[in-house]
There are 2 protein chains.
Amino acid sequence: MSSPNLEALPQALAGHAGYLLVRVGKHAQRMFSLAVDRLGLRPSHCDVLLLLAERGALAQVDIAGTLLIERAHLVALLDQLEARDLVKREADPRDRRRHAVRLTEAGAAVTAEVAALAVQVEGELLGELDPAERTLFREILGRIARDADEGD
Amino acid sequence: MSSPNLEALPQALAGHAGYLLVRVGKHAQRMFSLAVDRLGLRPSHCDVLLLLAERGALAQVDIAGTLLIERAHLVALLDQLEARDLVKREADPRDRRRHAVRLTEAGAAVTAEVAALAVQVEGELLGELDPAERTLFREILGRIARDADEGD
DNA sequence: TATTGTTATACTCTATAACTATA
DNA sequence: TATAGTTATAGAGTATAACAATA
């Protein structure tokens, strides 16, 4: 019996949504990480790209705040994306402390690939659920996420 | 607008269960981590304690396999728990390569506190859901977790 | 030969403080 | 004085390889 077995977990872990959430969340992260590895990207790079694709140019502090990552961490992520010409930092004439970060054309193309991979990974993750359950599950997750935001 | 705002996320992130799972999973981990910090424990310590509380003595390779952590990582966790006299490693007479790891009395007492905190944290996490939704949510999470196990 | 516990290494993520330039 | 971007550091989680003792 070498394969990890959820049935072997005590009820104190497997019966609680908290533990399962952490465990399944890490699994989702790992699957997505594996999927975008072929693009030479990590999940946090992808989050930035997807955000910029829909919201246009943003200051770094806004990217960090929306994605719940540290300002300090974002710097290196943007350095890497900029080195591959996927994003560019431009001066913001209205506030010279801020950088307007936006996708390049190459960045927009890669982001489309990322979005397709995200859909594919979600399909694998929710493979066991029928369409009604998927919708319900997404809705509940969204409510918990919103509640978590307010608690901060 | 300084607070992180889920509404500001693009549909490509907020509309997908994968991203929400990762985000909510990290939130759950952080909440539990904060809760057990007063006991001087981290979540991975607690997972080991809760497992031993229900399953009795286990070999290290079985603990690691069940909790999906690395054998190599578990060594340091057990060193720390043993230094606080919460668990003990005993010789297994039937296979002298193995250690039988079990809770001490002090460990059992601390584990009871951990279990109570876990219940409390889950209550905060699922505060927005009515009882029927909680049950359904747990059930769906369990199915995804089981599916993830089989995929490995 | 294979497995168990162990040590060591490295990479990512996270959290924090302090510096600069601008406001 | 406060904020935006940056740099640096340290802790925790994760992944991997290699070793000694034992099967």
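Atoms considered below: every heavy atom in the structure, side chains included; atoms not considered: hydrogens, waters and symmetry mates.
The minimum heavy-atom distance between Pro10(A) and Leu50(B), with the atom names listed, is CG-O, 3.6 Å. In this structure, Thr104(A) and Asp85(A) approach most closely via the heavy-atom pair OG1-O, 2.6 Å.
What separates CG of Leu68(A) from P of dC13(C) is a distance of 15 Å, to the nearest Å. Rounded to an integer number of Å, the gap from Arg23(A) CZ to dT14(D) C1' is 15 Å. Here the P atom of nucleotide dG5(D) and the CD atom of Glu90(A) are 14 Å apart, to the nearest Å. Leu74(B) has its CG atom 8 Å from the P atom of dG5(C), to the nearest Å. Arg30(B) has its CZ atom 16 Å from the P atom of dA12(D), to the nearest Å. As rounded to whole Å, 12 Å separates atom C1' of dG5(D) from atom CD1 of Ile63(A). Spacing between atom CD1 of Ile69(B) and atom C1' of dA15(D) amounts to 13 Å, rounded to whole angstrom units. As a whole-Å value, the separation of Leu77(B) CG from dG11(D) C1' is 14 Å.
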N/O to N/O distances under 3.5 Å, protein versus nucleotides 20-23 of chain D:
| from | atom 1 | to | atom 2 | distance (Å) |
| --- | --- | --- | --- | --- |
| dA23(D) | OP1 | Arg96(B) | N | 3.0 |

Write down the protein N/O and nucleotide N/O pairs, taken from nucleotides 8-11 of chain C, whose separation is under 3.5 Å; answer none if there are no such pairs.
none

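Considering only residues two or more places apart in sequence or on other chains, Glu82(A) meets the salt bridge (Lys or Arg N to Asp or Glu O under 4.0 Å) condition with Arg89(A). With sequence neighbours excluded, no residue forms a salt bridge (Lys or Arg N to Asp or Glu O under 4.0 Å) with Arg134(B).
Distance check, rounded to the nearest 0.5 Å: CG of Leu129(A) to CZ of Arg138(A) gives 9.5 Å. Between the CD1 atom in Ile144(B) and the CG atom in Leu20(A) there is a gap of 10.0 Å [rounded to 0.5 Å].
For residues 79-123 of chain B, no pair satisfies ring pair (Phe, Tyr, Trp, His ring centres under 6.0 Å), with sequence neighbours left out. Evaluation of the salt bridge (charged side-chain N to carboxylate O under 4.0 Å, His left out) test over residues 96-107 of chain B, restricted to residues two or more places apart or in two chains, returns Asp62(B)-Arg98(B), Glu90(B)-Arg102(B), Asp95(B)-Arg97(B), Asp95(B)-Arg98(B). The stretch residues 114-144 of chain B participates, sequence neighbours left out, in these ring pair (Phe, Tyr, Trp, His ring centres under 6.0 Å) pairs: Phe137(A)-Phe137(B).
For dT14(D), one of the phosphate oxygens OP1 or OP2 lies less than 4.0 angstrom from a side-chain nitrogen or oxygen of Lys26(A). Regarding contacts with the backbone of dA4(D), a side-chain N or O of Arg98(A) is found under 4.0 angstrom from either OP1 or OP2. Between Gln29(A) and dT14(D), a side-chain N or O to OP1/OP2 separation shorter than 4.0 Å is absent. The shortest distance between the side-chain N/O atoms of Gln60(A) and the OP1/OP2 oxygens of dT3(D) is not below 4.0 Å.
Contact annotation for Glu70(B): base contact, defined as any heavy-atom pair under 4.0 Å involving a base atom.
Side-chain contact between Val121(A) and Leu34(A) is absent, with no heavy atoms from C-beta onward closer than 4.5 Å. For the pair Val22(A)/Lys26(A), a side-chain contact is recorded, criterion being any heavy-atom separation below 4.5 Å from C-beta on. For the pair Val101(B)/Leu81(B), no side-chain contact is recorded, criterion being any heavy-atom separation below 4.5 Å from C-beta on. Gln11(B) has its side chain out of reach of His16(B): every pair of non-hydrogen atoms, C-beta onward, lies at least 4.5 Å apart.
Comparing the helix axis at one end of the helix from dT1(C)-dA23(D) to dA23(C)-dT1(D) with that at the other, each defined from 5 consecutive pairs, gives an inter-axis angle of 0° (nearest 10°).
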Side-chain atoms of residues 109-120 of chain B: list all donor-acceptor pairs with protein atoms under 3.5 Å, sequence neighbours left out, distances to 0.1 Å.
| from | atom 1 | to | atom 2 | distance (Å) |
| --- | --- | --- | --- | --- |
| Thr111(B) | OG1 | Gly107(B) | O | 2.6 |

Atom pairs and distances, donor-acceptor, side-chain atoms in residues 39-47 of chain B, under 3.5 Å, two or more places apart:
| from | atom 1 | to | atom 2 | distance (Å) |
| --- | --- | --- | --- | --- |
| Arg42(B) | NH2 | Gln80(B) | OE1 | 3.1 |
| His45(B) | ND1 | Arg42(B) | N | 3.0 |
| His45(B) | NE2 | Gln80(B) | OE1 | 2.6 |

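For DNA chain C, the residues of residues 31-45 of chain A within the heavy-atom distance limit of 4.0 Å (strictly under) are Arg42(A), Ser44(A), sorted by number. For the segment residues 80-89 of chain A, no residue has any heavy atom less than 4.0 angstrom from an atom of DNA chain C.
Ion pairing between a basic and an acidic side chain is recognised when a charged N comes within 4.0 Å of a carboxylate O; Arg146(A) and Glu150(A) show no such pairing.
For the pairing with His27(B), the side chain to side chain contact (heavy atoms under 4.5 Å, CB included) check across Arg30(B), Gln29(B), Arg23(B) returns one residue only, Arg30(B).
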